[in-house]
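In what follows, a structure is listed as structure tokens, so that the remarks can point back to it.
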Number of protein chains: 2
Amino acid sequence: MTTEEKIFNAARIVFQKKGFAGARMQEIADQAGINKAMLHYCFKSKQLLFEAVFMNAFSQLAPQINEIFNSDATVFEKIRKFTHSYISFVIVNPYLPPFVIQEMNNNPEFVMSFLNHKNKPNPTPLLAQIEKEIADGIIKPIHPKQLLLDIFSMTVFPFAAKMMVKGIIQLSETEFNEMMEERKTSIAETIINSIKK
Amino acid sequence: MTTEEKIFNAARIVFQKKGFAGARMQEIADQAGINKAMLHYCFKSKQLLFEAVFMNAFSQLAPQINEIFNSDATVFEKIRKFTHSYISFVIVNPYLPPFVIQEMNNNPEFVMSFLNHKNKPNPTPLLAQIEKEIADGIIKPIHPKQLLLDIFSMTVFPFAAKMMVKGIIQLSETEFNEMMEERKTSIAETIINSIKK
DNA sequence: ATCTTTGTTAACCAAACGGTTAAACCGAAC
DNA sequence: GTTCGGTTTAACCGTTTGGTTAACAAAGAT
């Protein structure tokens, strides 16, 4: 593993745990097992190191989203595939959703500008497909964007607000994990149940 | 307005916008229009000032939650009331959910300990009620905690991850607000639609 | 062998940070 | 009008922060 990779991995861990403002360059250096000056030798500044970590995190989430946007499956199949693959992925990378959401809220101008250039997922085809299946009588009338938001909400929220969810619904870590396993399929059934004719 | 109130309101604005780590005592003082020393005169330390703001924020959200936990309405009525009143409340206080969720994730030990002492909402009665209505044949079989999580997810997520939602689904501020208005009723219909027999 | 480039470090720096102090302010009581 | 308590401020302090510097070491290139 190169020094640059060691720094990057250390930075990912620290940034995802503490956020941009809470992260310390010294802590990243310690985590990487190298001198603090190397951070600036390799990545110029805290801001640039953070941007590298953030873009990497976001680009890991993008494929999961494109899976629901770009494929030729039916809407029901897309919902089943997306929820299953997204939850599977996020169980292994639990820090990703809260990190991305937190930094997008704290730093909207940077993120929105970068979102306009790179990796911009395009929901338009899926929205049109939903409208077509409504017209074909497969799906009950519903606003397509609301449906999309329902799917994202049910899938992402438990990971984005894990501590709050555990606190309010009173779940142990084991119970939480068991529920997420079950959600790989239950979310799709709930959604489809509510929109199928 | 007393000085203490001016400080508290300023602190709420700054903490909710930048989080604990990103907030600066000087910025809070400027926002309040008073000298920085007054912050420590009134609130001792940054940590204590933050705790005051956080507990106030959380205690504002608690009534919305207790509304779904403690009342003698049917499950369907509770779902309708909760989603409507929570979204109405949060439209006026949009910074609250991301703030609470972010700080709960970043500071779980402090929050969980405080959650165990104060304002601990108790979901047990509602969970039992859901199971009873399943047994009575009113609701389709579903794990009650999953149902509860579905409701929270659909209601809270769009506000917790507003920037991400706007970016991915490609919504203007106006479209977002219109969707949230519609969600006051559409979430309950979606959920009820999927669980009613 | 010597020079140049690249990787690495300890020591250092100025600015920003949370927090303290001592003095000034100010209305009320006497 | 002087005293006295709480309130408010300017100035200050020690520490931490992101970032820099200069020296050094290893590895090719000439």
Side-chain angles (χ1 to χ4, degrees), chain A residues 1-57 95 99 102-111 113-114, chain B residues 1-57 99 102-111 114:
Chain A
M1 188 160 51
T2 69
T3 301
E4 197 166 316
E5 287 169 340
K6 281 196 283 187
I7 293 174
F8 185 87
N9 288 334
R12 206 184 52 211
I13 291 169
V14 175
F15 276 132
Q16 287 180 359
K17 189 147 77 185
K18 313 226 168 161
F20 177 79
R24 301 288 158 235
M25 295 297 269
Q26 186 60 59
E27 189 180 349
I28 295 173
D30 294 345
Q31 176 80 31
I34 51 103
N35 189 283
K36 183 166 66 98
M38 280 303 291
L39 304 186
H40 297 91
Y41 180 76
C42 292
F43 287 91
K44 202 73 186 162
S45 73
K46 185 185 183 184
Q47 180 69 31
L48 289 173
L49 177 55
F50 171 80
E51 289 180 12
V53 168
F54 184 88
M55 291 198 191
N56 173 267
Y95 277 110
F99 172 66
Q102 171 173 327
E103 300 304 330
M104 281 190 82
N105 281 329
N106 288 348
N107 223 327
E109 62 289 345
F110 153 64
V111 176
S113 74
F114 131 81
Chain B
M1 189 162 47
T2 69
T3 301
E4 198 164 324
E5 287 169 341
K6 281 196 283 186
I7 293 175
F8 184 87
N9 288 334
R12 205 183 52 211
I13 291 169
V14 175
F15 276 132
Q16 287 180 359
K17 189 147 78 185
K18 313 226 167 160
F20 177 78
R24 302 288 157 233
M25 294 297 268
Q26 186 59 60
E27 189 180 349
I28 294 173
D30 293 345
Q31 176 79 31
I34 51 102
N35 189 282
K36 184 166 64 100
M38 278 304 290
L39 303 186
H40 297 90
Y41 180 77
C42 291
F43 287 91
K44 203 73 186 160
S45 72
K46 185 186 184 183
Q47 180 70 31
L48 288 173
L49 177 53
F50 172 80
E51 289 180 12
V53 168
F54 184 87
M55 291 196 191
N56 173 267
F99 172 65
Q102 170 172 327
E103 300 304 331
M104 282 190 81
N105 282 328
N106 288 348
N107 223 325
E109 62 289 346
F110 154 62
V111 175
F114 131 81

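Chain naming here is simple, since letters A, B, ... match the order of the sequence lines and numbering starts at 1 in each.
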Check: Excluding sequence neighbours, so at least two apart, what forms side-chain contact (heavy atoms from CB on, under 4.5 Å) with A/E27?
Finding: A/V14, A/K18, A/R24
Any N/O pairs under 3.5 Å between the protein and nucleotides 23-28 of chain D? List them or say none.
none

Notebook entry, point to check: For the residue pair A/F54 and A/E103, what are the closest heavy atoms and their distance?
Noted result: CE1-CB, 3.8 Å
Next item on the list: List the steps, then state whether side-chain contact (heavy atoms from CB on, under 4.5 Å) holds for A/N106 with B/Q102.
Entry: CA-CA 10 Å; A/N106 288 348; B/Q102 170 172 327; 3.5 Å; yes
Next item on the list: Heavy atoms under 4.0 Å is the rule here; annotate nucleotides 8-21 of chain C 5' to 3' with B where the base is hit, S where only the sugar-phosphate is, and - elsewhere.
Entry: BBB------SBBBB
Checklist line | Of residues 5-19 of chain B, the positions that come close to DNA chain D - non-hydrogen atoms, cut-off under 4.0 Å | finding: none
Margin query: Applying ring pair (Phe, Tyr, Trp, His ring centres under 6.0 Å), can you list everything that pairs with B/F8, at least two apart in sequence or on another chain?
Written below: none
Margin query: Once you measure the plane-to-plane angle for A/F15 and A/F20, does it fall in the parallel (<30°), tilted (30-60°) or perpendicular (>60°) bin?
Written below: parallel
Notebook entry, point to check: Out of curiosity, A/I28 CD1 to A/I7 CD1, how far, rounded to the nearest 0.5 Å?
Noted result: 9.5 Å
Item checked: Check: A/K17 side chain, A/Y95 main-chain N or O, donor-acceptor pair, under 3.5 Å -> no
Next item on the list: Could you give me the CA-CA distance, side-chain angles and deciding distance for A/T3 and A/Y41, then say whether side-chain contact (heavy atoms from CB on, under 4.5 Å) is met?
Entry: CA-CA 11 Å; A/T3 301; A/Y41 180 76; over 6 Å; no
Notebook entry, point to check: Quick one: side chain to side chain donor-acceptor pair (under 3.5 Å) partners of A/N35, sequence neighbours excluded?
Noted result: none
Item checked: B/L39 CG to D/dT9 P, straight-line distance once rounded to whole Å -> 10 Å
Notebook entry, point to check: Rounded to the nearest 0.5 Å, how far apart are OG of A/S45 and CE of A/M25?
Noted result: 7.0 Å
Next item on the list: Note the angle between the end axes of the helix from C/dA1-D/dT30 to C/dC30-D/dG1, five pairs defining each, rounded to 10 degrees.
Entry: 30°
Checklist line | A/E27 CD to D/dT16 C1', straight-line distance once rounded to whole Å | finding: 14 Å
Considering only nitrogen or oxygen atoms on both sides, find all protein atoms under 3.5 Å from nucleotides 22-26 of chain C and state each distance.
none

Check: Partners of A/E4 by side chain to side chain donor-acceptor pair (under 3.5 Å), sequence neighbours excluded?
Finding: none
Check: Starting at CZ of A/F43 and ending at C1' of C/dG7, how long is that distance when rounded to a whole Å?
Finding: 15 Å
Item checked: Partners passing side-chain contact (heavy atoms from CB on, under 4.5 Å) against A/N9 (at least two apart in sequence or in another chain) -> A/M1, A/R12
Check: Which residues pass the ring pair (Phe, Tyr, Trp, His ring centres under 6.0 Å) test with A/F43, sequence neighbours left out?
Finding: none
Check: What residues form a side chain to side chain donor-acceptor pair (under 3.5 Å) with B/E51, not counting sequence neighbours?
Finding: B/Q47
